[in-house]
Amino acid sequence: MTSKLLLHVFILISVVPVLDAAFCHGSPKKTAQPNLIPIDTGVPRFIRSVPNGKLYEVGSGEDAFKIIHVYGTSYEMGYAQGQLIPNDTQRMVNAVWEYMEDQIAFHRSNTIVMSILRYSLDAALDLEELITKRFTNPKFFEEIRGISDAAHVDAKKLIRIHLIGELTKGSCSMLGAWGKAVPVADSLLQLRALDWAVDGPFKDFPQVTVYHPVNSTYGQDFANFGWTGWIGSITGMNSKQMAISEIGVSFPDETFGKESRIGVPFTNLLRDILQYDRTLDDAINRISNSKRTCDLILGVGDGKLPAFRSIEYSASVANFYDDMNMQPSAEWHPRIDNVVYYGMDWDCPSFNSVLAKQIQTYYGNITAEVVIRNIVSIVQTGNMQVAVYDLTQNIAYLSNAKATYESTGGKYAYERQYVKLDMGRLFSEKAPQLQP
Ligand SMILES: *[C@@H]1O[C@H](CO)[C@@H](O)[C@H](O)[C@H]1NC(C)=O
Ligand SMILES: *[C@@H]1O[C@H](CO)[C@@H](O)[C@H](O)[C@H]1NC(C)=O
Ligand SMILES: *[C@@H]1O[C@H](CO)[C@@H](O)[C@H](O)[C@H]1NC(C)=O
């Protein structure tokens with residue numbers, strides 16, 4: 001198939017309206033248990049440094065994960081990451097690429113997208129890259145080039161693995177809670193629970209990357225909670241007390257309108273919010289004015305106000321919700337004062353009703369500990385990764401799915417040990433001393 005033909009098919013897909021209004025599948029098990037594992041409060045352990053980067057590890061035993069600090073321009077920050085962990089970067093990129101090929105070969109769904117991808121993953125991804133390039137900040141490609149030069153990985157392959165977000169969006173959960181919902185009235189708590197391919201390679205490469213750009217041209221200090229070598233964002237917090245949440249929507253209603261393949265990949269948009277936006281209004285403007293692609297629910301919190309908004313997101317719409325106008329409005333998704341929440345999907349009574357019940361049970365006493373112990377564990381959401389952000393105290397709690405090299409503990413992030421991250425300290429980490 002030629003690129004031109006592929007382009008036509010992609011454009012065709014972009015105008016296919018949403019036809020079905022079904023409900024999501026599955027539900028939390030009635031036997032779900034609270035997560036009583038104590039939170040790991042150990043400080044990061046220094047491993048090594050390079051001219052523009054420092055590598056730390058945090059967490060205990062097999063549950064430890066990397067914290068990487070990078071400094072400078074986009075290229076320099078990418079180069080530092082590649083230089084600090086070249087081997088893991090190579091392994092990760094190859095593993096994700098293989099995983100994507102397997103997905104295409106064995107994917108059960110028979111959508112048009114999947115049949116094109118099955119025909120030629122290479123061609124489809126090149127095309128997607130071509131289409132999205134003009135909607136992507138050139139600094140993204142500079143950072144890719146830095147990683148590629150230092151870790152000796154193919155830049156093109158590195159770019160392609162970043163398109164997995166648009167290809168296989170997860171079903172996830174989120175919440176924002178403030179005011180009467182929380183014990184400290186002016187505080188803001190936010191949840192990002194990621195339910196995504198735990199059979200894939202990502203779980204073996206958990207990493208928090210803390211960016212310290214040289215000046216505001218390259219953005220502000222922010223932390224990307226993700227995986228080695230993967231520089232898009234789906235989870236993270238910035239030094240302006242802001243954080244992101246995201247849910248892939250597979251069961252929208254008619255209010256979503258159309259999806260599109262052509263536009264800014266959402267993982268780049270979320271990263272730009274962390275890197276460049278200083279206020280909730282900045283993020284709202286960015287989302288409103290972007291060329292959006294697929295159906296999502298986003299969440300953005302700003303601890304300075306404090307305020308949280310969920311966003312009904314598609315090529316057609318960007319609708320912003322707080323606790324007063326939260327949608328969908330249904331018996332299984334009741335409005336709760338000072339809380340905005342979504343369980344797994346848009347039209348998803350089974351998860352939303354359990355999430356609502358847990359929020360109501362702990363109303364007034366919703367803390368990070370309660371979210372970890374009694375909310376996500378009972379809703380059974382966040383199989384791959386869970387982040388709880390205390391945007392007032394500048395603390396984050398992070399848990400990751402069991403890696404293939406791990407022998408102990410539950411399989412899913414929501415049933416494993418969380419690590420406490422003092423984000424204020426991470427953002428003020430000093431650049432490595434230059435060697436004389
Ligand atoms: C990467 O792998 C090479 C070859 O196996 C090894 O010599 C080197 O020490 C490894 N580098 C790091 C940073 O682990
Ligand atoms: C930011 O840093 C870059 C690279 O060092 C430099 O070229 C640029 O002039 C700086 N911009 C500002 C506004 O300081
Ligand atoms: C509130 O939550 C904390 C844990 O964060 C717990 O120790 C305390 O007993 C709870 N208080 C009430 C009234 O539920």
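Order of appearance sets the numbers: ligands from 1, and atoms from 1 within every ligand.
The side chain of Arg48, and not its backbone, has at least one atom closer than 4.0 Å to an atom of ligand 1 (non-hydrogen atoms only; side chain from C-beta on).
Looking at Glu246, its side chain never comes within 3.5 Å of a backbone N or O of Thr235 through a donor-acceptor pair. Glu259 places a side-chain N or O within 3.5 Å of a backbone atom of Asp295 that can act as its donor or acceptor partner.
Considering Ser310, Ser173, Ser245 as possible partners of Tyr342, the one that fulfils the side-chain hydrogen bond (donor to acceptor under 3.5 Å, both in side chains) test is Ser310.
Per-atom contact check: atom 14 (O) of ligand 2 touches the protein, criterion being a heavy-atom distance below 4.0 Å. Proximity of atom 5 (O) of ligand 1 to the protein is not indicated, since no non-hydrogen protein atom lies closer than 4.0 angstrom.
A perpendicular orientation is assigned to the rings of Tyr56 and His69, their planes being inclined by more than 60° (bins at 30° and 60°).
Heavy-atom contacts of Thr73 reach the following atoms of ligand 2: 4 (C) (cutoff under 4.0 Å). Residue Thr217 approaches ligand 2 through these ligand atoms, each under 4.0 Å from one of its heavy atoms: 11 (N), 13 (C). Interface of Val214 with ligand 2, defined as ligand atoms under 4.0 Å from a residue heavy atom, comprises 2 (O).
At the shortest separation from atom 11 (N) of ligand 2 among protein heavy atoms lies Asn215 ND2, 2.9 Å. Closest to atom 1 (C) of ligand 1, if we only count protein heavy atoms, is Asn87 ND2, 1.5 Å.
Between the side chains of Ser171 and Asp195, no donor N or O sits under 3.5 Å from an acceptor N or O.
Counting heavy-atom neighbours within 6.0 Å of Arg278 CZ, excluding the residue itself, gives a total of 12 or less.
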